[in-house]
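Note that ligands are numbered from 1 as they come in the structure, with each ligand's atoms numbered from 1 the same way.
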Amino acid sequence: VISGVQVVGLDGDDTLWHSEGRYHQAQQRFSEIVARHGEVADLDQRLLAVEQRNLGLFGYGVKGFTLSMIETAIEVTNGGIEAAEVKALIDLGRGMLEEPVVLVDGAAAAVKRLAAAGYRLLLLTKGDLFDQEYRIAQSGLAPHFWQVEVVSEKDPATYRRVLGRLGVVAAEFLMCGNSMRSDVLPVLEIGAAAVHVPYHLTWSHEVAGPPPPGARFAEIAALSDLPALLQ
Ligand SMILES: [Mg+2]
């Protein structure tokens, strides 16, 4: 049980709604397109390296991922990738943005229970602004949230800034999400509580070590376990 919480922060992608699956599928398709030019044994690592190199300029989300796929394809084919194939990669990105929002099982019920219990809910998500706004609207969950924030990075400075602007003290804040790197560690660092709810697919970039001992931290199997943890 984690006590003293007034404001509950919830992550969007792979916490409230499914997201990583669309990246996973696009990456499979990407491998097939690139493979026409010859086998690249470490293609996943090459793409990840390009994505990470570009994060500081493009930020998180589908648009940056699409550009990184194109850049990687040019690199690993030594410029052999054809215009029609580049078009196919752009279409992959467009398809990802157009994919309908599917909520994670039990997420809607958990959000409603938390709101009904009197917690102020803060939706805190990162990625392309348009894509995230579309997902928030399509999720149907927005009316249950006190505040919705789309941020470009989830680091201690971002959490401090958002909480400071909303007048929330760290001791009364709990964040719950699927990423140790984005939803747990920076939140513990600013003195708030964090709950990890793992998702079956995790982008390598979001994997991080366990929280320090003694932190106000818990891991739950599903979002539906969160309300009970707070009472
Ligand atoms: Mg997430």
Side-chain angles (χ1 to χ4, degrees), residues 7-27 48 51-52 55 58-66 68 93 96-97 99-111 114 121-142 144-145 147-159 162-163 173-190 192-211 217-226 229:
V7 178
V8 176
L10 292 167
D11 166 55
D13 288 352
D14 302 318
T15 298
L16 294 178
W17 52 76
H18 298 281
S19 173
E20 190 59 27
R22 56 186 182 152
Y23 287 91
H24 205 73
Q25 278 171 10
Q27 210 166 319
L48 179 64
E51 282 183 271
Q52 288 184 322
L55 269 181
F58 299 164
Y60 294 90
V62 172
K63 284 188 290 184
F65 172 71
T66 306
S68 293
M96 290 170 73
L97 293 170
E99 225 166 84
V101 177
V102 180
L103 293 179
V104 171
D105 276 350
V111 166
L114 290 167
L121 303 184
L122 167 63
L123 176 48
L124 197 61
T125 184
K126 67 179 158 63
D128 293 319
L129 187 58
F130 272 22
D131 184 35
Q132 291 296 312
E133 285 180 339
Y134 169 76
R135 271 155 224 282
I136 292 161
Q138 290 293 306
S139 75
L141 298 175
H144 303 290
F145 282 86
Q147 298 285 334
V148 175
E149 296 279 342
V150 181
V151 295
S152 50
E153 183 60 281
K154 285 167 145 180
D155 54 14
T158 302
Y159 283 105
V162 170
L163 295 186
F173 180 66
L174 176 141
M175 180 72 196
C176 179
N178 71 298
S179 168
M180 286 298 283
R181 182 195 177 103
S182 297
D183 303 315
V184 173
L185 297 181
V187 176
L188 297 174
E189 197 177 318
I190 68 159
V195 172
H196 187 220
V197 53
Y199 188 74
H200 68 279
L201 294 172
T202 307
W203 181 31
S204 321
H205 179 76
E206 298 292 346
V207 176
F217 168 78
E219 184 159 296
I220 54 178
L223 203 57
S224 50
D225 297 335
L226 185 60
L229 189 71

- Message: Measuring from atom CG of L97 to atom CZ of R135, what distance do you get when rounded to the nearest 0.5 angstrom?
- Response: 7.0 Å
- Not counting sequence neighbours, which residues clear salt bridge (charged side-chain N to carboxylate O under 4.0 Å, His left out) with D183? List them please. K154
- Within-4.5 Å side-chain heavy-atom neighbours: W203 and D14: no
- Item | Side chain to side chain, F58 and E51, heavy atoms closer than 4.5 Å | no
- Within 6.0 Å of NE2 in H205, more than 12 heavy atoms from elsewhere: yes
- Count, waters excluded, of protein N, O or S atoms under 2.8 Å from the Mg ion (ligand 1): 3
- Query: Quick one: which of L122, L10, L226 gives a side chain to side chain contact (heavy atoms under 4.5 Å, CB included) with L174?
  - Reply: L226
